[in-house]
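Remarks on the structure that follows.
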Amino acid sequence: MTQLLITGGAGFIGSHTSLLLLEAGHSLVVIDNYDNSSPEALRRVLELAGPGAADRLVVVEGDIRSAADLDKAFAAAPSGQPIEAVIHFAGLKAVGESVGDPLRYWDVNLSGSRHLLKAMQAHGCRTLVFSSSCTVYGLPETMPIGEGAAIQPINPYGHSKAAVEQMLADLAASEAGWRIARLRYFNPVGAHPSGRIGEDPSGIPNNLLPFVSQVAVGRRTELQVFGGDWPTPDGSGIRDYIHVMDLAEGHRAALDALLAEPPQLLTLNLGSGQGHSVLEVVRAFESASGRTVPYAIVARRDGDAACTVADPHLAAERLGWRTRLSLAEMCRDSWCWQQANPHGYGG
Ligand code: NAD
Ligand code: UFG
């Protein structure tokens, strides 16, 4: 059993990963300010994790930009043991919002991460898994994208993630003993197969899968497909979708590697290596749900790339991890969550 601190553990990826870590027998402190999540997510995580899990989870409602909140979290371990490693999910992730309010993104993503690292130093914890994003690559020229591709973000969200990556590299170079994984996620989708936890975006979803599932369930009338004239086989944009349960497994594998191996700075893509177009996703969702998803092809969205697909070989080589779940399974589980929770955790 390892004593872990999970920042942002009530969020979409954090809740699924927390469940997996509880199931693996670890003991967790979660810190979350519920800026984009609900306490109900962690209540359901405990329900899924089964008897005894409640003794291994402490939730601290707090902000990663507050040294006092972080001290409280570092002292809250249910085992009474020191925190051995941190998985850092807490952050903001909406590209459009980051363009309109960049200072908020620099504050939460960069300053929040800096506060966390200071607290880790103060508490003698030097093992960290960080949620980065393929957004740090911007609009890459070669496909699939390897970890060696240039870092050239094109929006404030991407810049804030790239800056945290750089801060982590500087820290690892400055002081021996850091074990850090920078995980660059491609497009996380899906939900736990029980349909009890899933993605609960507030307002109009920015991302494709939540939008498609809200159309299928009747909350929205029609999907807008952003561009039908991309240089792809069917003209719609291609992405590398990854099931959130596969992504959660990727975190567990990265954590195990960091704890077992000598100190290192690990940088890995977490993706499937397979691209799917928007229209393929629509068809897969229609078969998974048995519902029609009406759509209209409209103008391209600013800042979109035609195609973004990971080269996932390094993660396979270093972690023995690869994705297992297909697009059909991503749609099946998103639909199961959407149907059971048409208005998310709110009812
Ligand atoms: P999410 O919004 O569902 O989860 C983030 C969690 O962090 C939320 O529970 C939120 O309340 C919490 N949080 C935000 N600011 C906080 C603060 N100041 N203090 C404490 N808690 C705070 O997002 P997610 O999809 O689960 O993403 C998790 C991480 O992965 C983020 O850092 C995100 O940038 C990164 N990421 C996400 C995607 C994606 O498409 N979902 C892709 C690549 C990277
Ligand atoms: N799309 C539509 N209609 C929609 C929403 C999306 O056609 O209503 C298309 C997009 O144009 C794109 C594809 O569906 O071709 C996927 O779009 P998403 O918005 O779901 O995902 P992105 O690849 O644009 O970006 C997302 C996050 C980023 C993150 C990136 C990689 O928004 O923050 O995944 O993790 F960096």
Side-chain angles (χ1 to χ4, degrees), residues 5-14 17 31-37 62-67 69-70 86-121 128-140 145 147 149-174 178 180-188 199 201-203 205-207 239 242 247 250-251 254 265-271 301-305 308 310:
L5 172 63
I6 315 289
T7 75
F12 171 44
I13 305 168
T17 306
I31 181 169
D32 203 302
N33 66 355
Y34 302 120
D35 178 72
N36 193 37
S37 57
D63 195 304
I64 55 163
R65 292 164 296 175
S66 155
D69 289 355
L70 286 168
V86 177
I87 305 186
H88 178 28
F89 294 106
L92 306 178
K93 60 169 183 176
V95 172
E97 187 187 61
S98 80
V99 174
D101 193 356
L103 295 186
R104 192 161 121 78
Y105 275 68
W106 285 103
D107 185 32
V108 176
N109 291 359
L110 184 65
S111 179
S113 299
R114 189 183 62 82
H115 273 93
L116 175 67
L117 293 168
K118 294 279 282 182
M120 289 178 70
Q121 275 184 323
L128 175 76
V129 177
F130 171 62
S131 296
S132 189
S133 168
C134 69
T135 197
V136 299
Y137 298 119
L139 301 171
I145 310 171
E147 287 83 353
I151 301 302
Q152 41 193 18
I154 58 164
N155 53 60
Y157 167 62
H159 282 295
S160 72
K161 287 288 177 188
V164 177
E165 284 205 4
Q166 186 60 53
M167 181 164 65
L168 293 173
D170 292 347
L171 184 62
S174 74
W178 282 93
I180 296 175
R182 305 184 297 186
L183 303 182
R184 297 176 180 157
Y185 316 155
F186 279 66
N187 287 59
E199 187 171 10
S202 48
N206 295 305
N207 298 118
R239 294 291 181 274
I242 170 170
L247 191 56
H251 288 79
L265 176 66
L266 200 52
T267 306
L268 298 173
N269 286 340
L270 295 187
R301 181 172 67 178
D302 276 354
D304 267 354
T308 306

For the backbone of Phe89 and the side chain of Thr7, can you confirm whether one donor and one acceptor N or O come within less than 3.5 Å of each other? yes
Please report the shortest heavy-atom distance between Asn109 and Ser160, naming the atom on each side. ND2-OG, 3.1 Å
Can any side-chain N or O of Asp32 pair as donor or acceptor with the backbone N or O of Ala10 at less than 3.5 Å? yes
Spatial distance of atom CG (Leu110) from atom NZ (Lys161) [nearest 0.5 Å]: 10.5 Å
Smallest separation among heavy atoms of Ile154 and Gly303, with atom names: CD1-O, 3.5 Å
Which heavy atom of Gly158 sits nearest a heavy atom of Pro153, and at what distance? C-CB, 3.4 Å
When you look at Trp178 and Leu117, which way does the side chain to side chain contact (heavy atoms under 4.5 Å, CB included) test go after all the steps? CA-CA 11 Å; Trp178 282 93; Leu117 293 168; 4.3 Å; yes
Audit row: Leu247, Leu183, side chain to side chain contact (heavy atoms under 4.5 Å, CB included) steps and yes/no: CA-CA 10 Å; Leu247 191 56; Leu183 303 182; over 6 Å; no
Are the side chain of Asp63 and the backbone of Asp69 linked by a donor-acceptor contact shorter than 3.5 Å? no
Indicate the atoms forming the closest heavy-atom contact of Phe12 with Pro188, along with that distance. CE2-O, 3.8 Å
Are any of the side-chain heavy atoms of Arg301 and Val95 separated by less than 4.5 Å? no
So, do Ser113 and Met167 sit near enough that their side-chain heavy atoms are less than 4.5 Å apart? yes
Reported CG-to-CD distance for the pair Leu139 and Gln152, which is rounded to 0.5 angstrom: 8.0 Å
Separation between CZ (Arg114) and CG (Asp107), nearest 0.5 Å, reads 10.0 Å
Min side-chain heavy-atom separation Asp35-Leu92 under 4.5 Å: yes
Gly138 and Pro140: which non-hydrogen atoms are nearest, and at how many Å? O-CD, 3.0 Å
Roughly how far, to the nearest 0.5 Å, is CD1 of Ile13 from NE2 of His251? 6.5 Å
Would you check if the side chain of Tyr105 reaches a backbone N or O of Ala94 as a donor-acceptor pair within less than 3.5 Å? yes
Using the ring of each side chain (for Trp, its six-membered ring), is His159 parallel, tilted or perpendicular to Trp106, with breaks at 30° and 60°? parallel
Does any N or O in the side chain of Arg182 come within less than 3.5 Å of the main-chain N or O of Ser132, such that one atom is a donor and the other an acceptor? no
Is there side-chain contact between Arg239 and Asp304, with heavy atoms separated by less than 4.5 Å? yes
Using a 4.5 Å cut-off on heavy atoms from C-beta on, say whether the side chain of Ile6 contacts that of Thr17. no
Do Ile145 and Arg184 come close enough that some side-chain heavy atom pair is under 4.5 Å? no
Are side-chain heavy atoms of Lys93 and Asn36 found at a separation under 4.5 Å? yes
Within a radius of less than 6.0 Å around CG of Asp302, do more than 12 heavy atoms belonging to other residues, nucleotides or ligands occur? no
First locate atom CZ of Arg65, then atom CG of Leu116, and finally report the distance between them rounded to the nearest 0.5 Å. 13.0 Å
What verdict does the side chain to side chain contact (heavy atoms under 4.5 Å, CB included) test give for Thr308 and Cys134, after you've listed the backbone C-alpha separation in whole Å, the side-chain angles of each residue and the deciding distance to 0.1 Å? CA-CA 9 Å; Thr308 306; Cys134 69; 4.2 Å; yes
Close side-chain approach of Phe130 to Glu165, heavy-atom, < 4.5 Å: yes
Step by step, work out the side chain to side chain contact (heavy atoms under 4.5 Å, CB included) result for Tyr137 and Ile151. CA-CA 5 Å; Tyr137 298 119; Ile151 301 302; 4.2 Å; yes
If you measure from CD on Glu97 to CG on Asn155, what distance do you get to the nearest 0.5 Å? 12.0 Å
Grab the two heavy atoms, one from Gly271 and one from Ala310, that are nearest each other, plus how far apart they are. CA-CB, 4.0 Å
